[in-house]
Participant: 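For reference, the structure I am asking about is given below.
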Amino acid sequence: MSASIVVGTQWGDEGKGKVIDILASRAQVVVRSQGGNNAGHTVVSNHQTYKLHLIPSGILYPETKCFIGAGVVLDPKDFIGELDEMHKRGVSTENLKIDPRAHVVMPWHITLDGLSEKFRGGNDIGTTKRGIGPAYMDKYERCGIRVGDLIRPEIFAEKALSTGTLKNKIITAVYGGQPHDLQAIIEEYTAYGKRLAPYVADVSVLTDEAYKAGKTILFEGAQATLLDIDFGTYPFVTSSHPLSGGVTVGTGVGPRMIDEIIGVAKAYTTRVGKGPFPTELFDETGELIRNKGGEFGTTTGRPRRTGWFDAVIVRHSVRVNGLTGLAINKLDILSGIGELKICTDYQKADGTLLHHFPASLEELAECTPVYETFPGFDEDISNCQNFNELPELCQKYIQRLEELCECKICMVGVGADRCQMIER
Ligand code: GDP
Ligand code: IMO
Ligand code: MG
């Protein structure tokens with residue numbers, strides 16, 4: 001009987017999918033608590049790559065139960081596409097369950113995501129345009145449609161008609177966009193509801209029962225700490241709580257269940273979309289990291305912005321998530337790129353050092369990163385199986401990250417495959 005959370009510590013895409021897949025081999029239940037198909041989690045097993053958006057990353061283990069919690073926003077069309085893809089590849093989804101409280105992403109959410117981004121002009125957030133923000137807005141406005149409604153055709157038709165009518169007014173009158181054909185949507189989504197019905201079950205109850213039966217539970221975070229609606233770089237964030245604290249709210253379990261909280265980081269930093277990024281690189285090194293690291297979005301294919309490891313943001317993540325350990329991925333990508341830098345603190349124009357990530361973007365804009373420099377390494381480390389096999393310089397780099405982040409590094413990733421992970 002144990003429960004662990006895995007969360008992102010930077011701006012997403014740290015390799016959470018890979019860490020979940022590895023830890024899922026020792027768990028019986030994997031639960032998603034927030035976000036939606038804005039997430040893209042990659043699992044590589046035996047040279048086969050799986051890109052998961054809503055389905056939890058434990059799905060490749062046939063015995064593992066995979067749950068989608070109440071805090072997730074679910075696009076049924078995309079979800080069914082993912083189900084079909086899994087079935088085509090011989091992956092069973094028999095153990096997959098969705099909480100009826102999860103909110104449904106409707107077509108007008110996607111339309112409004114696009115229109116509001118356009119309205120923001122040069123100040124756009126750079127969202128994934130998956131309708132995530134507008135779906136969470138309706139949830140908190142208390143006019144959202146939940147999975148439990150979607151599977152009841154009459155209730156769904158009534159709610160879709162009333163919300164859809166209002167949304168069409170906003171789309172046309174405020175943004176000058178094209179209205180949706182509500183009857184066509186009701187027909188299409190009622191069919192999705194039928195397809196989803198067998199998967200719907202109370203995830204809070206199922207997770208609790210599994211825990212009491214002595215099972216190991218793994219909570220899969222999506223997005224990341226610096227994209228958190230409160231503790232991220234607001235407003236350049238997502239509309240949910242990717243923090244460890246969000247997990248218990250988003251799945252309906254108590255915080256006393258949690259034993260371990262693992263934060264995932266890359267050995268450098270990346271970000272997709274707009275917003276501040278103090279250690280961003282605009283030179284050939286940044287380009288080299290992007291190309292070597294395959295830094296292109298799993299969900300949207302957009303090139304990811306790249307930069308040096310920023311210990312200020314990871315320290316912030318250690319604190320706000322209460323991390324018990326860190327997994328550092330993609331150390332292999334730093335081989336052969338020359339001298340390495342780590343940002344240890346930020347410095348303000350008046351010379352003051354900032355040890356903690358500031359709350360306001362205005363204060364952040366005044367900061368420049370303070371770097372520590374390391375000689376580079378050229379060895380291919382992708383076959384290293386334990387920490388002592390790593391070149392001395394890599395070991396020192398990891399040890400320094402550990403000191404600066406004030407958290408134990410328990411895993412080091414040296415390749416995308418599930419077998420390319422060094423555990424300490
Ligand atoms: P997530 O959203 O946090 O699950 O991460 P993504 O899947 O969006 O992006 C991480 C990318 O890095 C994926 O393509 C992974 O296959 C890859 N990856 C993860 N860990 C490692 C690693 O240690 N080395 C290398 N080379 N690739 C990795
Ligand atoms: P995973 O789980 C990286 C970013 C978007 C945008 C901002 C808001 O794969 O790490 P949204 O569509 O959520 O309203 O967009 O958040 N974003 C992510 N960036 N990885 C993700 O998920 C992301 N999910 C959202 O690029 O900047
Ligand atoms: Mg991703």
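All values derive from a computational prediction rather than experimental measurement.
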Participant: Parallel, tilted or perpendicular: which one describes the rings of F231 and H316, with boundaries at 30° and 60°?
Facilitator: tilted

Participant: Any sub-3.5 Å donor-acceptor pair from E363's side-chain atoms to P358's backbone N or O?
Facilitator: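 Answer holds: no.
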
Participant: Quick one: which of T251, V72, I55 gives a side-chain contact (heavy atoms from CB on, under 4.5 Å) with R32?
Facilitator: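 Option passing the side-chain contact (heavy atoms from CB on, under 4.5 Å) with R32: V72.
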
Participant: Name all residues meeting the side-chain hydrogen bond (donor to acceptor under 3.5 Å, both in side chains) criterion together with K212; count only those two or more places apart in sequence or in a different chain, and write none if there are none.
Facilitator: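 In terms of side-chain hydrogen bond (donor to acceptor under 3.5 Å, both in side chains), with neighbours along the sequence ignored, K212 is linked to D208.
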
Participant: Between CG of L404 and OG1 of T344, what distance do you get to the nearest 0.5 Å?
Facilitator: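 One gets 6.5 Å once the value is rounded to the nearest 0.5 Å.
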
Participant: Kindly say whether G126 contributes a backbone atom to a donor-acceptor pair with the side chain of R302 at under 3.5 angstrom?
Facilitator: yes

Participant: Within 45 degrees of the ring normal and closer than 6.0 Å to the centroid, is that where the cationic atom of R89 sits relative to Y50?
Facilitator: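 Yes - R89 lies over the ring of Y50, closer than 6.0 Å to its centre and within 45° of its axis.
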
Participant: Hey, mind stepping through H109 and D138 against side-chain hydrogen bond (donor to acceptor under 3.5 Å, both in side chains) and telling me if it holds?
Facilitator: CA-CA 9 Å; H109 294 136; D138 280 2; 2.8 Å; yes

Participant: Counting only N and O atoms by type, is there a donor-acceptor contact under 3.5 Å from the side chain of D202 to the main-chain atoms of V205?
Facilitator: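 Looks like yes, one N/O pair under 3.5 Å.
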
Participant: For N38 and Q223, what are the C-alpha separation, side-chain angles and deciding distance, and is it a side-chain hydrogen bond (donor to acceptor under 3.5 Å, both in side chains)?
Facilitator: CA-CA 8 Å; N38 47 349; Q223 288 77 54; 3.0 Å; yes

Participant: With distance as the sole test, does T299 use its side chain to make a donor-acceptor pair with the main-chain N or O of A39 at under 3.5 Å?
Facilitator: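 Flag set: sc T299 to bb A39 pair under 3.5 Å.
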
Participant: Cation-pi check for F236 against K274: NZ or CZ below 6.0 Å from the six-membered ring centre and within 45 degrees of the axis, yes or no?
Facilitator: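 Checked: cation-pi criterion not met.
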
Participant: Is there a donor in the side chain of T163 and an acceptor in the side chain of K167, or the other way round, less than 3.5 Å apart?
Facilitator: no

Participant: Check ring-ring contact (aromatic ring centres under 6.0 Å, His included) between Y189 and all other residues, then give those that pass, not counting sequence neighbours.
Facilitator: Y192

Participant: If you measure only the distance, is there a donor-acceptor pair under 3.5 Å linking the side chains of R271 and T233?
Facilitator: yes

Participant: Hey, mind stepping through T127 and D113 against side-chain hydrogen bond (donor to acceptor under 3.5 Å, both in side chains) and telling me if it holds?
Facilitator: CA-CA 8 Å; T127 73; D113 198 353; 3.0 Å; yes

Participant: Is the side chain of Y397 donor-acceptor paired with the backbone N or O of A267 at a distance under 3.5 Å, no angle test?
Facilitator: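 Present.
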
Participant: Quick one: do the N329 and E14 side chains pair a donor with an acceptor below 3.5 Å?
Facilitator: no

Participant: If we ignore hydrogens and angles and just use 3.5 Å, is the side chain of Q10 paired with the main-chain N or O of L226 as donor and acceptor?
Facilitator: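 No.
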
Participant: Has the side chain of E220 got a donor or acceptor atom that lies under 3.5 Å from a matching backbone atom of G58?
Facilitator: no

Participant: Does the side chain of D228 pick up a donor-acceptor pair with the side chain of H241 at under 3.5 Å?
Facilitator: yes

Participant: State, without any angle test, whether R315 and H355 hold a side-chain donor-acceptor pair at a distance under 3.5 Å.
Facilitator: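 Yes, side-chain donor-acceptor contact under 3.5 Å.
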
Participant: Between N95 and T64, is any pair of side-chain heavy atoms under 4.5 Å apart?
Facilitator: no

Participant: Could you walk me through whether R304 and T298 pass side-chain hydrogen bond (donor to acceptor under 3.5 Å, both in side chains), step by step?
Facilitator: CA-CA 10 Å; R304 295 178 184 143; T298 310; 3.0 Å; yes

Participant: I98 versus V203: any side-chain heavy-atom pair under 4.5 Å?
Facilitator: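 Heavy-atom side-chain distance check fails, nothing below 4.5 Å.
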
Participant: Keeping the roles fixed (side chain from D149, backbone from I145), state whether a donor-acceptor pair exists under 3.5 Å.
Facilitator: no

Participant: Establish, from distance only, whether the side-chain atoms of Y175 and T111 form a donor-acceptor pair under 3.5 Å.
Facilitator: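 On atom types as modelled, these side chains do not qualify, holding no pair under 3.5 Å.
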
Participant: Between T128 and R130, does any side-chain donor sit less than 3.5 Å from a side-chain acceptor?
Facilitator: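 No, because no side-chain N or O of T128 sits under 3.5 Å from a partner of the opposite role on R130.
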
Participant: Would L243 and T225 count as a side-chain contact (heavy atoms from CB on, under 4.5 Å) if you check the C-alpha gap in whole Å, the side-chain angles of each, and the deciding distance to 0.1 Å?
Facilitator: CA-CA 6 Å; L243 302 186; T225 305; 3.5 Å; yes

Participant: Would you kindly say whether D310 and Y346 are connected by a side-chain donor-acceptor distance under 3.5 Å?
Facilitator: yes

Participant: Apply salt bridge (charged side-chain N to carboxylate O under 4.0 Å, His left out) to residues E406 and R319 and explain how you reach the verdict.
Facilitator: CA-CA 9 Å; E406 299 166 9; R319 185 183 78 256; over 6 Å; no

Participant: Checking the side chain of S382 only, and the main-chain atoms of G415 only, is there a donor and an acceptor separated by less than 3.5 Å?
Facilitator: no

Participant: Between E284 and K292, does any NZ, NE, NH1 or NH2 come within less than 4.0 Å of an OD or OE carboxylate oxygen?
Facilitator: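 No, this pair does not count.
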
Participant: Is any side-chain N of the basic residue among R101 and D99 closer than 4.0 Å to the acidic one's carboxylate O?
Facilitator: yes

